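As the structure is a computational prediction, the values presented were derived from the model and not from experiment. In this chain, residues are counted from 1 in sequence order.
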Amino acid sequence: MFVPTAIPGLVCAYLFSETGEHTVLGDADIDMPLPPGTWLWLHLNLTDQRCGKWLADKLGLPRSIIYDFTDESLRPFILQQQEHVVGQLTTFRRDFTADSTETTWCRFILSERWLVTGRVRAVQVAESLRRELTRGLKPASPAAFFDLLVEHFPDTLDTILHRLTDELESIEDDILSDEQKDERRRLMLLRREAALLHRHMRAVRRALLTGMRTVHALPPGIADAAARLAHLDQDYESLETRARFFHDEVDAKLAAETNRQLYILSALTSAFLPPSLVAGIFGMNVEWLPFAKGEHGFLIIMMIAAASSALVWLLLWWLNRK
């Protein structure tokens, strides 16, 4: 059943005082203009198409800002729109029960009195910020709170990097052992995840650096996030290089195992070829066949077949030693 709300698509709303103390607001508790000395954080679900109209009516935002906020772009960006900063950054999606490494978008509008964030699918950063607020976080301003939002992406990338590094080291141990433990499939999954994250990381870093050059009202924490992404860029590049090297090692290991099996198969074929020749010759139904009427003909033929096979084995052994 559809239940009308005062704020379309509202996920959560917090009112902050000058000291950073917060109050959780319901959708019917938000009044504009805000009380003096306070600022607001709104988090919206942009699948509700009415969000843009509400923002234009209540916050007095121009159409250009509403368009940049509600229209999904293919790349992250940060723009200056009058006294507001609007943009879209990559973040990580949140499942119903756990966090995910799948990326999605988080859009924002930043001003001196409020921070509005929006998403289409649930994001980890909003849940992380709400969790920090319950633990006593007291952000001094929307800009300081926005810094925490931006820092969540490199923090999560760093955590994932440690997990991928541990997995890569485990794969290395398996490669150095004699057993086959499906290292190739595990390496393919690891390389795919690292490549996707690396690609998004570079796009976000590029957007942050562009914003630092073009947006004068950008919070100072953006520079720290860009610097951290630069270091993570090197770490992920090193991880991908090691993964490619191990992939070559796995291919070489599989090729060596295949060659060993082919060698065994060739040796067995060579060893059984002379007895087959002997059996074929003495199995012909023609006259003057040796040992055809002898009492011990079968035993003699079997000895000849065994001797020919042994001779081939000795020849292969001698060639292998040389």
Side-chain angles (χ1 to χ4, degrees), residues 1-17 22-94 96 103-130 133 139 141-146 148-150 152 204 207 211 214-219:
M1 184 178 66
F2 176 76
V3 179
T5 57
I7 302 179
L10 179 67
V11 178
C12 63
Y14 290 82
L15 183 67
F16 295 87
S17 65
H22 70 273
T23 302
V24 181
L25 302 179
D27 56 359
D29 300 329
I30 300 175
D31 295 324
M32 290 295 172
L34 296 175
T38 62
W39 60 276
L40 181 69
W41 173 41
L42 291 177
H43 186 53
L44 305 176
N45 182 356
L46 297 181
T47 56
D48 194 326
Q49 301 297 322
R50 302 171 298 163
C51 292
K53 185 177 184 304
W54 184 89
L55 291 173
D57 294 340
K58 297 298 182 180
L59 300 185
L61 296 176
R63 185 177 299 274
S64 59
I65 294 180
I66 299 299
Y67 177 80
D68 289 334
F69 180 71
T70 57
D71 185 64
E72 183 174 354
S73 176
L74 297 178
R75 290 178 176 82
F77 66 91
I78 300 177
L79 299 175
Q80 179 82 42
Q81 291 276 12
Q82 300 176 6
E83 71 276 11
H84 302 88
V85 178
V86 60
Q88 172 180 278
L89 294 176
T90 305
T91 187
F92 292 96
R93 189 173 64 85
R94 177 172 175 81
F96 289 104
T103 57
T104 185
W105 302 111
C106 181
R107 304 170 211 169
F108 63 89
I109 304 174
L110 175 66
S111 73
E112 295 181 356
R113 298 298 306 276
W114 63 70
L115 171 64
V116 180
T117 56
R119 51 79 171 174
V120 174
R121 295 188 293 177
V123 292
Q124 297 179 25
V125 60
E127 184 63 28
S128 176
L129 292 176
R130 294 170 67 178
L133 289 176
S141 65
F145 198 63
F146 178 73
L148 298 177
L149 184 146
V150 176
H152 180 269
V204 172
T214 59
V215 180
H216 67 273
L218 207 59

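Side-chain contact between W39 and P139 is present, with heavy atoms from C-beta onward closer than 4.5 Å. For the pair T38/T23, no side-chain contact is recorded, criterion being any heavy-atom separation below 4.5 Å from C-beta on. A 4.5 Å side-chain heavy-atom check between L42 and T117 finds every atom pair outside the cut-off. Side-chain contact between L55 and V116 is present, with at least one heavy-atom pair separated by less than 4.5 Å. When side chains are defined from C-beta on, P62 counts as touching Q82, because their heavy atoms get closer than 4.5 Å. A heavy-atom distance below 4.5 Å is found between the side chains of L46 and R107. Taking 4.5 Å as the limit, some side-chain heavy atom of T90 sits within range of a side-chain heavy atom of P76. Side chains of L44 and L10 form a contact here, defined as non-hydrogen atoms less than 4.5 Å apart.
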Can you list the steps and then say if W105 with E72 is a side-chain contact (heavy atoms from CB on, under 4.5 Å)? CA-CA 8 Å; W105 302 111; E72 183 174 354; 3.1 Å; yes
Worked verdict on F145 versus L129 for side-chain contact (heavy atoms from CB on, under 4.5 Å): CA-CA 9 Å; F145 198 63; L129 292 176; 3.9 Å; yes
Go through it in stages, so that I can follow the logic: the residues are I78 and L89, the test is side-chain contact (heavy atoms from CB on, under 4.5 Å), and I'd like the CA-CA distance, side-chain angles, deciding distance and then a yes or no. CA-CA 8 Å; I78 300 177; L89 294 176; 4.3 Å; yes
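Listed by first then second residue, pairs satisfying ring pair (Phe, Tyr, Trp, His ring centres under 6.0 Å) with a partner in residues 74-93 read H84-W114, F92-F153, not counting sequence neighbours.
Rounding to the nearest 0.5 Å gives a distance of 10.0 Å between CD1 of I65 and CG of L79. To the nearest 0.5 Å, the span separating CG on L149 from CZ on F146 amounts to 6.0 Å. If you take CD1 on I109 and CG on L115, they are separated by 9.0 Å, rounding to the nearest 0.5 Å.
F16 has its ring centre no less than 6.0 Å from the ring centre of W41.
The heavy-atom pair separating R75 from Q88 by the smallest distance is O-NE2, 3.4 Å. Considering every non-hydrogen atom in both N45 and T47, the closest pair reads OD1-OG1, 2.8 Å. Heavy-atom minimum distance, C106 versus T91: CB-CG2, 3.7 Å. Contact record, P142 with R113: CG-C, 4.1 Å, taken as the closest heavy-atom pair.
Here the rule is side chain to side chain contact (heavy atoms under 4.5 Å, CB included) with V86, and of D68, L110, L61 only D68 fits it. Partner V123 forms a side chain to side chain contact (heavy atoms under 4.5 Å, CB included) with one of R93, H43, H152 and no other, that one being H43.
Among residues two or more places apart in sequence or in another chain, the salt bridge (charged side-chain N to carboxylate O under 4.0 Å, His left out) test is passed with E83 by none.
A donor-acceptor distance shorter than 3.5 angstrom exists from the side chain of T70 to the backbone of I66, with no hydrogens or angles considered.
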